[in-house]
Protein chains: 2
Amino acid sequence: MTDDQNSKPHHHGDLRSALIQAGIALLSEGGKDSLTLRKCAARAGVSHAAPAHHFDGISGLRGAIAQEGFRLFRLSMLNASGTENQSELDHLKAICSGYLNFAIDNPALFDLIFSSAPMEGLESNLKSGTAFSYDVLRKACAPFVQPGQDPMIIETQVWSLIHGYTHLYMASRFGPVDLSHQARGPFDQVVSLLDALVVSNATKA
Amino acid sequence: MTDDQNSKPHHHGDLRSALIQAGIALLSEGGKDSLTLRKCAARAGVSHAAPAHHFDGISGLRGAIAQEGFRLFRLSMLNASGTENQSELDHLKAICSGYLNFAIDNPALFDLIFSSAPMEGLESNLKSGTAFSYDVLRKACAPFVQPGQDPMIIETQVWSLIHGYTHLYMASRFGPVDLSHQARGPFDQVVSLLDALVVSNATKA
DNA sequence: AGAGCAACTTGACACTGTCAAGTCAGCTGA
DNA sequence: TCAGCTGACTTGACAGTGTCAAGTTGCTCT
């Protein structure tokens with residue numbers, strides 16, 4: 001009797017990360033309403049109540065998925081940072097492009113990451129998770145910070161600008177602009193505001 | 001027999017708007033997860049299936065609430081536009097302040113309005129609803145548009161900037177900045193970027 | 001070997017959105 | 001006047017959801 005096929009252990013091995021991966025897949029396939037404890041459990045091959053032993057309810061699962069989402073988000077920005085032989089401004093613009101690209105490629109995950117809904121167990125990690133990804137943007141902003149200037153000013157300006165465009169873009173609020181990688185005209189114009197920002201900031205020193 | 005007290009008519013009168021108001025109240029009281037077809041119905045004093053005759057499911061109700069939300073959002077911006085004897089730039093900044101204030105005062109409604117979730121029956125009205133509110137921002141941007149320049153460029157830049165700050169602020173992503181009307185330091189610094197925008201744009205003409 | 005324990009299952013509950021069928025009030029048209 | 005129709009609403013049901021309580025299983029440690 002080859003009990004090998006029935007050797008599925010009572011202990012899943014790494015159910016926690018399996019549930020997170022299932023959740024990301026569900027988000028990617030069916031949007032944010034498809035993320036369900038029971039569906040994640042089913043996809044991981046466990047009973048509907050199994051996730052409760054690894055997360056504090058649906059809120060906890062969302063928090064854990066957000067944390068993994070931050071990691072992917074950061075990778076997307078780093079991946080977009082381009083060649084070494086580019087100006088510091090082009091580097092910053094490339095990272096902004098990665099910001100938008102991640103949202104376009106992972107709409108529901110982007111939505112979850114920047115959701116204002118509280119995520120159990122991530123309240124403390126939320127800031128660190130955000131800061132972890134934010135770190136990429138921060139480093140790219142650093143060259144433009146004048147001596148004695150609070151870096152947070154430029155960082156907040158840049159972050160607000162790129163995040164606002166991305167979020168409005170994802171909500172299809174820019175009229176007839178359709179969601180494709182092609183329609184980068186308006187995006188480039190928004191990013192070009194960074195030129196003015198840098199110039200204005202330099203003369204202010 | 002005073003059947004006056006039992007004279008509740010089978011026809012509610014204006015159930016549709018009663019449901020919308022109930023929904024806004026629920027959002028305001030309990031956050032976005034409190035918005036429920038059945039709770040709206042109960043609050044309006046009708047049976048749980050009554051809303052189906054006025055909206056296309058929960059998605060339709062959300063769309064209708066969003067439309068009313070746009071109206072309130074517009075009013076908030078207009079209300080913040082301040083006195084007449086102010087510069088055009090201060091006028092624009094005041095409207096941006098109204099943008100943020102609305103989000104702070106109506107977190108769940110702001111979230112719903114700019115949700116990327118499709119809202120049945122509002123796909124066609126969504127752009128017009130957005131445009132209706134957007135109109136306030138557009139008019140305030142108009143003075144800074146150079147002759148022959150596409151107004152959309154400045155509008156998109158300003159909108160992205162203020163929306164990005166507002167959205168990140170609502171998601172508590174700015175580290176230790178707490179959600180109060182007091183903490184306007186970072187906001188003012190973001191808004192001050194509009195100075196650079198206007199200057200840069202003027203010299204570009 | 002036996003105890004303890006963590007991982008997981010099973011079953012139940014309240015709540016949700018949605019559908020089908022029924023009820024009721026007021027209007028239309030002869 | 002009154003039969004019938006239509007739209008507004010109710011009632012009841014169903015599947016799916018999150019969450020809890022209680023049970024079962026299998027590993028580990030002594």
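In what follows, chains are A, B, ... by sequence order, proteins preceding strands, each numbered from 1.
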Parallel, tilted or perpendicular, as decided by the 30° and 60° cut-offs, for the rings of B:Tyr165 and B:Tyr169: parallel
Nearest-Å distance for atom pair CD1/C1', residues A:Ile58 and D:dC20: 16 Å
A:Ala66 to A:Leu112 - nearest heavy-atom pair and separation: N-CD2, 4.2 Å
Plane angle bin for A:Trp159 and A:Tyr134 - parallel if under 30°, tilted between 30 and 60°, otherwise perpendicular: parallel
Touch class at under 4.0 angstrom, heavy-atom based, for A:His48 against every strand present: base
Sugar-phosphate only, base, or nothing, as touched by A:Thr36 at under 4.0 Å among non-hydrogen atoms: sugar-phosphate
First of A:Arg38 and A:His53 reached from the 5' end of DNA chain D, by closest nucleotide: A:Arg38
Rounded interatomic separation in angstrom, taking CZ from B:Phe55 and P from D:dG7: 18 Å
Whole angstrom value for the distance that separates P of C:dA14 from NZ of B:Lys39: 16 Å
Residue whose nearest DNA chain D nucleotide is more 5′ - A:Leu37 or B:Ala50: B:Ala50
Whole angstrom value for the distance that separates C1' of C:dC8 from CZ of A:Arg16: 17 Å
B:Leu27 to B:Ala108 - nearest heavy-atom pair and separation: O-CB, 3.6 Å
Gap between atoms CG and P, on B:Asp33 and D:dG18 respectively (whole Å): 12 Å
Distance in angstrom units between B:His54 NE2 and D:dA8 P, rounded: 6 Å
Side chain of B:Ser47 - closest among D:dT10, C:dC8, C:dG17: D:dT10
